[in-house]
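Both backbone and side-chain heavy atoms feed into the values below; hydrogens, waters and symmetry mates do not. What you see is a predicted model; the values in this text were computed from it and never measured.
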Amino acid sequence: GGSVKAGKMPEGEKTRQCKQEEERRQKEEEREGLIEFYGSYQELFQFFCSNTTIHGAIRLVCSKKNKMKTAFWSVLFFLTFGLMYWQFGILYREYFSYPVNLNLNLNSDRLTFPAVTLCTLNPYRYSAIRKKLDELDQITHQTLLDLYDYNMSLARSDWSTLSTQKRSSRSLLHHVQRHPLRRQKRDNLVNLPENSPSVDKNDWKIGFVLCSENNKDCFHQAYSSGVDAVREWYSFHYINILAQMPDAKALDESDFENFIYACRFNEATCDKANYTHFHHPLYGNCYTFNDNSSSLWTSSLPGINNGLSLVVRTEQNDFIPLLSTVTGARVMVHDQNEPAFMDDGGFNVRPGIETSISMRKEMTVRLGGSYSDCTEDGSDVPVQNLYSSRYTEQVCIRSCFQLNMVERCGCAYYFYPLPDRAEYCDYTKHVAWGYCYYKLLAEFKADVLGCFHKCRKPCKMTEYQLSAGYSRWPSAVSEDWVFYMLSQQNKYNITSKRNGVAKVNIFFEEWNYKTNGESPAFTVVTLLSQLGNQWSLWFGSSVLSVMELAELILDFIAITFILALRWFRSRQQLSPPGPPPNSHDNSAFQDEAPGLSPPHHFTVKAVVTMLPSYNSLEPRGLSRDGDMGHE
């Protein structure tokens, strides 16, 4: 009886302990409320759908008692999300395609006059190579006589027969015989014998054969036109003669006064400081005006009187008829610090004609970087610039071909600049360079070399749109006094006056010039605006709604992480169940005190097993009633 009384607790003390325990648990719950998290995915999505500002989400909660409506709104909600992000993908794809807008501007300012290159169209018989050219002409004369029965008149009448001359194995005749000009039957007449009466001379193609050094492989260069074949064959040997010159200055025989009879710009006379000279293998002596960057010409007004006016001699004196088949002059307009590629942008001036060329300047500025593949200065192009000028696409393409020529053929093509530690092709040193050149040229045109892909357009370039007008000059009523004045001033004395001179006028057509620029069509601001428009269209929400969606995603990730962590810990702490070492057994306790009255047993049970809940005090009332009954 005494042990039972000792375990009995006064009601006041018991109530006080229960209150303290409840307050302690409430404080713990308040502290845990600061970091309270969702207990399941259902709670997370229910809270989000009930409180988000995204339209339509609340319908998933309000209609949860109607499964059909819930399914309908769920499908509609996620379908809308899918359509919106599909539109987002289209916007991102357009943004990363880097589109541009073309801006057209008209500017009015003093215009810098472009560079103008004028060539004689008369390959000259320079004294350094005159003897070899005469020899080549004699060989060509005999070739045309054999092929076409044509007796060509030569410049030198005292030339002796080739058969009487002794020549070494390295003479010009030896190399010409290695690359002879010959005829071959057309494809549809290959099977017919050469002496067949159905085969006419017009049914033959003419060309020449270029073979490799060991003669195992040959390249047939054939032409349907005999004129083209003869010119190409003659040019091939002519280039070899030029390449044998040790110093290019030996070909510098400029005769400016004998070609340019009059030169005026802005009504002022030109002088030697306004032009530079260079030699072109096919177009002869060339003169570039206004190429000096220190003192460039400028035009303050448009019109024919405010440009460049030239009177040039077009008579071919001591010319090479097999290279030059036209008479006149060749002119090209280009920007300063750019080489004059006469084959690409030049055009011919007719003799006895006044040619008036009006210009319109046009500048193009492209966006670089991700917007286009243009280059600023060519430094990022994998091709060495062989020209002493700034980067242009044509400069790069020709440099690319020349570098491939040196690598593949072991020598450089005479028409292009010479790379370092290289020499020009000459069949006295490089026997099969012609075979290698024509093979490489075919690959170049088919872009097998990749030059057209490597060479990119410059981001900034200037072009001149030209239009020409023609009139007879001098006129029939004025030609007498004009030719008389030219003869007095320039010692002009030729037999055919009409075909001996020409006049060229080059001027700006208008004071304005056009600038074509590019600007980004889809910037970051435009992208954000378009994304916001799509978000508002499909959900009618704002930036904060996007943050709510981001919060939902983060909470989902956090719940997944917490649940996975709890599952992992529970697997680690899982062990067989067993009684704790100091636990009490109620049945043993009951056996030790079988004589205890029911009230005493109730009191022990209340103290040991019955604990008050967090939110109710009912057990306390029940205990109080039990104690009162016991008393």
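- Crowding of F47 atom CZ: a count of heavy atoms from other residues, nucleotides or ligands under 6.0 Å not exceeding 12.
- Put simply, the side chain of N385 gets close to the backbone of S389: a donor and an acceptor are under 3.5 Å apart.
- The closest side-chain donor-acceptor pair between T526 and S529, if any, does not fall under 3.5 angstrom.
- At a threshold of 4.5 Å between non-hydrogen side-chain atoms, the residues I357 and N505 do not count as touching.
- Contact check on K457 versus E393 returns a salt bridge, with a Lys/Arg side-chain nitrogen under 4.0 Å from an Asp/Glu carboxylate oxygen.
- Disulfide status for C396 with C455: present, SG atoms under 2.5 Å apart.
- We find the OG1-NZ distance between T462 and K361 to be 5.5 Å, quoted to the nearest 0.5 Å.
- Looking only at side-chain heavy atoms (C-beta outward), H334 and Y464 stay at 4.5 Å or farther from each other.
- Annotation: side chain of D426 is not in contact with side chain of C411 (no heavy-atom distance under 4.5 Å).
- Here the CD1 atom belonging to I353 is positioned 13.5 Å from the CG atom belonging to N348, to the nearest 0.5 angstrom.
- Within a 6.0 Å sphere centred on CZ of F347, other residues, nucleotides and ligands contribute more than 12 heavy atoms.
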Full working for side chain to side chain contact (heavy atoms under 4.5 Å, CB included) between R390 and D377: CA-CA 7 Å; R390 66 183 179 188; D377 54 2; over 6 Å; no
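- When all heavy atoms of C263 and L308 are compared, the closest pair comes out as SG-CD1, 4.0 Å.
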Working for ring pair (Phe, Tyr, Trp, His ring centres under 6.0 Å), residues F444 and F452: CA-CA 9 Å; F444 169 76; F452 297 101; 5.1 Å; yes
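- Separating the SG atom in C374 from the CG atom in L367 is a distance of 7.5 Å, to the nearest 0.5 Å.
- Two rings, from F236 and W433, have their centers less than 6.0 Å apart.
- No side-chain donor-acceptor contact under 3.5 Å links N240 and Y414.
- Panel note: side chain S536, backbone N533; no donor-acceptor pair is recorded below 3.5 Å.
- To the nearest 0.5 Å, atom CH2 of residue W297 and atom CG of residue N306 are 13.5 Å apart.
- The closest side-chain heavy-atom distance from Y371 to P520 is below 4.5 Å.
- For the two cysteine residues C425 and C409, the thiol sulfurs sit 2.5 Å or further apart.
- The two atoms that bring P419 and V406 nearest to each other are CG-CG2, 3.8 Å, heavy atoms only.
- The local environment of CZ in R350 is sparse, with at most 12 non-hydrogen atoms from other residues, nucleotides or ligands closer than 6.0 Å.
- With contacts defined as side-chain heavy-atom distances shorter than 4.5 Å, the pair Y437/L441 qualifies.
- In plain terms, the two heavy atoms of S399 and V395 that are nearest each other are OG-O, 2.8 Å.
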Side chain to side chain contact (heavy atoms under 4.5 Å, CB included) between L310 and F289, intermediate numbers included: CA-CA 11 Å; L310 298 169; F289 296 88; 4.0 Å; yes
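- In terms of heavy-atom proximity, P99 sits nearest to F522 at CG-CB, 3.9 Å.
- Scanning all heavy atoms of the two residues, the minimum distance from N404 to C451 falls at ND2-SG, 4.1 Å.
- For the pair R398 and F341, the cation sits on the ring face: its NZ or CZ lies under 6.0 Å from the ring centre, inside 45° of the axis.
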Candidate pair Y513 and D109, rule side chain to side chain donor-acceptor pair (under 3.5 Å), full reasoning: CA-CA 8 Å; Y513 67 94; D109 199 359; 5.1 Å; no
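- Relative orientation of the Y413 and F401 rings is perpendicular, given thresholds of 30° and 60° on the angle between their planes.
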Stepwise side chain to side chain contact (heavy atoms under 4.5 Å, CB included) test for M461 and R366: CA-CA 9 Å; M461 57 186 300; R366 299 181 179 89; 3.4 Å; yes
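- In this structure the side chain of D380 reaches within 4.5 angstrom of the side chain of R456, judged on heavy atoms.
- For the atom pair W511 CH2 and L106 CG, the distance stands at 14.0 Å (nearest 0.5 Å).
- Inter-residue side-chain proximity for S370 and F96 is flagged as unmet; no heavy-atom pair is nearer than 4.5 Å.
- Residues T298 and R110 bring a donor and an acceptor atom of their side chains to less than 3.5 Å of each other.
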Intermediate values then yes/no, side chain to side chain contact (heavy atoms under 4.5 Å, CB included), R566 and R569: CA-CA 5 Å; R566 286 180 180 177; R569 287 184 176 179; 5.9 Å; no
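- Once rounded to the nearest 0.5 Å, the distance linking CD of E548 with CG of D555 reads 11.5 Å.
- Nearest heavy-atom pair across F415 and H280 is CE2-CE1, 4.1 Å.
- Within the 3.5 Å criterion, the main-chain N or O of Y416 finds a donor-acceptor partner in the side chain of Q402.
- A donor-acceptor pair under 3.5 Å links the side-chain atoms of Q336 to the main chain of N290, judged by distance alone.
- When side chains are defined from C-beta on, W86 does not count as touching F88, because their heavy atoms never get closer than 4.5 Å.
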